[in-house]
Amino acid sequence: MQARHRKMLLTLIIAVLVSAWPGAATPPRPSGAAPSCQRRCGDLAIPYPFGIGRGCYLYTGEGDTTFGLTCNLTADGTYKTFCYEVQVIGISLSRGQARVRGDIRSWCYNGSSMSMDENIIWWSDFTDSQFRLSDEDNRFTVIGCNSLAYVGSANTGSKYMTGCMATCPAAGRLENGSCSGMGCCQAAIPRGINTYEVQFDDRFTTSRTRGFSRCSYAALVEAAAFDFRTMYVTADDFMESTGGKVPLVLDWVVGKETCREAARNTTAYMCVSSNSECVDSRNGPGYLCNCSRGYDGNPYVHDGCQDVNECDATRFKYPCSVPGTCVNTPGGFVCSCADKTRGNAYSGTCEAQSSQLGVHLAVGISIGLVVLVVSMSCVYMIHQKRSLASVKQRYFRQHGGLLLFEEMKSKQGLSFTLFTKEELEEATDKFDERHVLGKGGNGTVYKGALKDKRLVAIKKCKVINERQEKEFGKEMLILSQVNHRNVVRLYGCCLEVEVPMLVYQFIPNGTLYQLIHGRPHGTRISLATRLKIAHETAEALAYLHSWASPPIIHGDVKSPNILIDEDHTAKVADFGASTLAPTDEAQFVTFVQGTYGYLDPEYMQTSKLTSKSDVYSFGVVLLELLTCRKAMNLQALEEEKNLSSHFLLALSESRLGEILDEQIKGEQSVELIEQVAELAKECLEMASDRRPSMREVAEELDRVRKLLQHPWGQQTPDEERKALLVGSPITRPEIELSNGYVSLTDSAYLGVRSPR
Ligand SMILES: *[C@@H]1O[C@H](CO)[C@@H](O)[C@H](O)[C@H]1NC(C)=O
Ligand SMILES: *[C@@H]1O[C@H](CO)[C@@H](O)[C@H](O)[C@H]1NC(C)=O
Ligand SMILES: *[C@@H]1O[C@H](CO)[C@@H](O)[C@H](O)[C@H]1NC(C)=O
Ligand SMILES: *[C@@H]1O[C@H](CO)[C@@H](O)[C@H](O)[C@H]1NC(C)=O
Ligand SMILES: *[C@@H]1O[C@H](CO)[C@@H](O)[C@H](O)[C@H]1NC(C)=O
Ligand SMILES: *[C@@H]1O[C@H](CO)[C@@H](O)[C@H](O)[C@H]1NC(C)=O
Ligand SMILES: *[C@@H]1O[C@H](CO)[C@@H](O)[C@H](O)[C@H]1NC(C)=O
Ligand SMILES: *[C@@H]1O[C@H](CO)[C@@H](O)[C@H](O)[C@H]1NC(C)=O
């Protein structure tokens, strides 16, 4: 009994001692958040660490001007909150920000001279506080007509200066909401600064233009709250409509240490609420507190962070799928499906659970089905295996395989392979979608890697009718005979399948069409590259027309059929429409094929495909290279839809410059471009016999290319020597801007180094 009494007494004494000892039960700091403190001023809630009156706010030291506020009755009869002289209009704990009303600086022309408002109090120095100017939310904004202003600070430690110029636009060019130079401009400010000063540059700030405000304004302002109105410069009502102040966002911190340092001193650590965490300020040194995920409230007071009821559909979007039930848990919530339903209650749907009997029945039926299917496929496969060999043989014969193979073998110097179906399946992962390079109307091209690591492109038709079969055979026959560096190589084919497949050399950098029309914005294609591609294409076609025997007509020359190698080497491809030049009338094609926009008008009328039809189509490709416009642009104006007619019209009216690509217009070689345009015009002649031959086109392009590389070639040796003696450069070096560096292409200096 005695012992028990003594023990109780001891417990009592300890309890009294503990509660009387300040700091043990409740740390001293949050006492600043005592319930007796005023927590509202007018419309503004004032959460701790902010507060009104001594003991109600976080006191961070002598001279600090951050958290102590005053609530004054103003002339208009409402209560407003001030931090010294600055009116506070918003406080956010979770963002660590306060919104205040900042000053506007003005600079006016009063009839005789410019004058700066002198009597504005500039409370723009937050050095002694824990405030910083939010660089994310504020922009330095200048309003006026010809106004250049700077914002900056000369304080050592945070020296900076930036600014912008608002120009005076032509009448009617001002736009509401657009602050991008005309009448209004904005500049970002650096991170981590706490003081600023605004200056106008009197050399550029005039504001004397008739019809515009005679004042210029500059202020640091919350970008989201600023909306430029044309009236600000036309009617000078900026000051009036804003009340002379603009919202400004300040970031604050509760301590200048990092979270790590702050957490070490538990007596000074501010994140006292359970379920709160410390966040390092992103705008300079210091830290903030924030409620953990799933909680909200005030992390700076004990138990300030309260669980958020995520299930409360009046406050939040209901977080579970609709037939599901939501149960709030501390820091989170749980979704579950209602009774007798199952599924994903978070993002999917809950569905009625099928009855046990149903499940058993379904399982039974499925197993039965599987067994049946497996046994049937076994029988089928055995049967197939037997017939497959004979089918393969049949297809092989059907595509003229043996004959073709013999013919190709007999030709010397050509390596032509007959691939098996298995080889090609292995190369393309069984024709997996991921290997598709391109899909045409009637076929698909896959990328594959052969066993010997060679990369190939495999062309496979979808369905094949007699005409396409012929095309395939034709392409095979033609390409197997051609061996030219600017014609895509045919490695071989596969004839064992229903639809024959062709195997080509893989050209890595896509088509000319993609290069011209699909390039990322700003990619440069120099004139030299364009001429190289044009010249090489012309060489390939000239070779097909004149050198190969019998002559070959491509029949579908267009930019999507010209492939581009790593070093911009052109490779002509797709011989599906080609013909070996007919030897007698009977072989004239009976239907016109080709691509709209590139088709030779004479061929359309006569159905007679000649080598001059390729010349016409090549002319259109040349135009694409010069103008970067599509051969047929259905979105364009009526007279601009058809590139060749648009070009011919522009040329005849001496408006060539208008349709040229901007990129080559700037280059020095105006005469060269004119020569190429002239060549294109000749290619596009209506009457085919007035068009040059492909050989002539290739030679002309070769000449122009050489001129571009060695412009002194035009000069006589005498002139050249004179130029050397005078010391002036013979040529203007071709300057290419690449990656922001200026580089001189060495061609221009070759001649100087080795004068002939
Ligand atoms: C607010 O009132 C206090 C006390 O009357 C005064 O000292 C202070 O200057 C006032 N502040 C403003 C911004 O008017
Ligand atoms: C505080 O938490 C909220 C929500 O959890 C988040 O949106 C906010 O960005 C956090 N504040 C800071 C300063 O990290
Ligand atoms: C214009 O400003 C100048 C310089 O501040 C001042 O001397 C002059 O009186 C002002 N004129 C008018 C019309 O306000
Ligand atoms: C801009 O908006 C104001 C009204 O806020 C209107 O009076 C003015 O005409 C508008 N200006 C333009 C150019 O649309
Ligand atoms: C912890 O903070 C308190 C209050 O600011 C201060 O008096 C004390 O010296 C600090 N302790 C350490 C170890 O820094
Ligand atoms: C595909 O084949 C059909 C008939 O065989 C033909 O009409 C059509 O023009 C072909 N499409 C392409 C893109 O070649
Ligand atoms: C070709 O493609 C490769 C890889 O996509 C790229 O690195 C290279 O610059 C391209 N070459 C040309 C000439 O476009
Ligand atoms: C495009 O214009 C040329 C020249 O005027 C013309 O010959 C050709 O038929 C036109 N092409 C189309 C598809 O309209």
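Start at 1 and go down the list; that is how both ligands and their atoms are numbered. These numbers were taken from a predicted model, which means no experiment stands behind them.
- No hydrogens or angles considered: nothing links the side chains of Glu222 and Asn138 as a donor-acceptor pair under 3.5 Å.
- Pairing each heavy atom of Gln130 with each of Val254, the nearest pair is OE1-C, 3.8 Å.
- By the SG-distance test at 2.5 Å, no disulfide connects Cys335 to Cys326.
- Annotation for ligand 2: atoms under 4.0 Å from non-hydrogen atoms of Val279 are 14 (O).
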Please determine whether side-chain hydrogen bond (donor to acceptor under 3.5 Å, both in side chains) holds for the pair Asn265 and Thr267, giving the CA-CA distance in whole Å, both sets of side-chain angles, and the decisive distance to 0.1 Å.
CA-CA 6 Å; Asn265 188 347; Thr267 44; 2.6 Å; yes
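- Cysteines Cys56 and Cys37 have SG atoms closer than 2.5 angstrom.
- Below 3.5 Å of separation, one finds an N or O of Asn176 facing an N or O of ligand 4.
- As summarised for Cys311 and Cys320, their two SG atoms remain at a distance no smaller than 2.5 angstrom, missing the threshold.
- Distance remark: protein heavy atom not present below 4.0 angstrom from atom 9 (O) of ligand 4.
- Of all protein heavy atoms, the one closest to atom 7 (O) of ligand 4 is Met231 SD, 4.2 Å.
- For Glu653, the CD atom counts as densely surrounded, since its 6.0 Å shell holds more than 12 non-hydrogen atoms of other residues, nucleotides or ligands.
- Distances from ligand 2 to the non-hydrogen atoms of Ser94 include at least one value under 4.0 Å.
- Those atoms of ligand 2 that come under 4.0 Å of a heavy atom in Asn290, given as number and element, are 1 (C), 2 (O), 3 (C), 8 (C), 10 (C), 11 (N), 12 (C), 14 (O).
- Ranking the protein heavy atoms by distance from atom 5 (O) of ligand 4 puts Arg229 NH1, 3.1 Å first.
- Closest heavy-atom approach to atom 14 (O) of ligand 1 among the candidates Asn72, Thr70, Leu69: Asn72.
- Those atoms of ligand 1 that come under 4.0 Å of a heavy atom in Tyr84, given as number and element, are 13 (C).
- Close contacts of ligand 1 with Phe82, meaning ligand atoms under 4.0 Å from a residue heavy atom, involve 13 (C).
- A cation-pi arrangement is present between Arg54 and Tyr59 under the rule of less than 6.0 angstrom and at most 45 degrees off the ring axis.
- In this structure, atom 2 (O) of ligand 1 is in close contact with the protein, since a protein heavy atom lies within 4.0 Å of it.
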